[in-house]
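Single-structure report; data block below.
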Amino acid sequence: MSDSTPHDTPAPPFGGRSRSELGRIVVPEDELLGRVAALGKEITADYADRPPLLVGVLKGAFLFMSDLARHIDLPVELDFMAVSSYGSATKTSGVVRIIKDLDTDLTDRHVLIVEDIVDSGLTLAYLRKNLAARNPATLEVCSLLVKEGLQKVDPDLRYVGFRIPPVFVVGYGLDVDECYRNLPYVCEYAEPDR
Ligand code: IMP
Ligand code: MG
């Protein structure tokens, strides 16, 4: 597994919200797209004889899933789950709720969970346990981002896009109060009120 190093350049202005909320760019657009393409290639090779069912975790993983799927040269199937672990705060509550469940039966399927970010790892631990109970043939995880040093238990990630410092980030699917998901890069969120 290979990682790339985040950058440290200021974020350009963005839309309606105060741009002062946006801090430094953590992963620029070209690095995101390059790494996602590489992950797609890796997954194509690893799953050549057993096409995977990609399970995207909404909403955060929607852009990553979309780009990743286009770089997997196999007859993949896609499904989505929506879970809530944060409410509107920027710290995890530890409580995970399924808001939308999968449409697909996982029995004997090669399931690859596609996550946006692993922070405390609580959401993923819950998801893994929940999906493992549905008897998939294999169950692996691909997370675009992992925050360094915050997981109490090894999150056991088969594929990782970037390891980043433990700061709150937005963009490329990630939000704060549902905003900034459409930024084409990942940048730090500066929390103006704190
Ligand atoms: P965990 O349960 O603490 O690992 O949190 C995982 C979930 O919280 C992710 O799937 C995200 O939806 C959200 N999250 C964690 N860190 C961030 C962040 O820095 N920005 C935006 N969302 C985050
Ligand atoms: Mg979120």
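Numbering starts at 1 and runs along the sequence shown. All ligand and atom numbering here is 1-based and tracks the order in the structure. As the structure is a prediction and not an experimental result, all values here were calculated from the model.
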Relative to the heavy atoms of [X], which atoms of ligand 1 are at a distance of less than 4.0 Å?
X: Ser120; answer: 1 (P), 2 (O), 3 (O), 4 (O)
X: Glu115; answer: 10 (O)
X: Leu122; answer: 2 (O), 4 (O)
X: Asp175; answer: 21 (C)

For [X], does the [atom1] atom sit with more than 12 other heavy atoms under 6.0 Å from it, leaving out its own atoms?
X: Arg50; atom1: CZ; answer: yes
X: Asp73; atom1: CG; answer: no
X: Lys100; atom1: NZ; answer: yes

- prompt: Is there a side-chain contact between Leu139 and Arg128 (heavy atoms, below 4.5 Å)?
  reply: yes

- prompt: Can you check whether Val36 reaches Leu144 side chain to side chain, under 4.5 Å on heavy atoms?
  reply: yes

- prompt: Got a donor-acceptor contact below 3.5 angstrom from the Asp177 side chain to the Cys179 backbone?
  reply: no

- prompt: Strictly under 4.0 Å, does any heavy atom of Lys147 approach an atom of ligand 1?
  reply: yes

field: Within-shell test, Gly121 vs ligand 1, heavy atom, strictly < 4.0 Å
entry: yes

query: Heavy-atom contacts under 4.0 Å between Val169 and ligand 1: side chain, backbone, both, or neither?
result: both

query: Side chain, backbone, both or neither: which part of Asp116 has a heavy atom under 4.0 Å from ligand 1?
result: side chain

- line: Minimal heavy-atom distance between Cys142 and Phe64, with the atoms involved, is SG-CZ, 3.7 Å

- line: Nearest non-hydrogen contact to atom 9 (C) of ligand 1 from the set Val83, Val186, Ile117, Asp119 belongs to Ile117

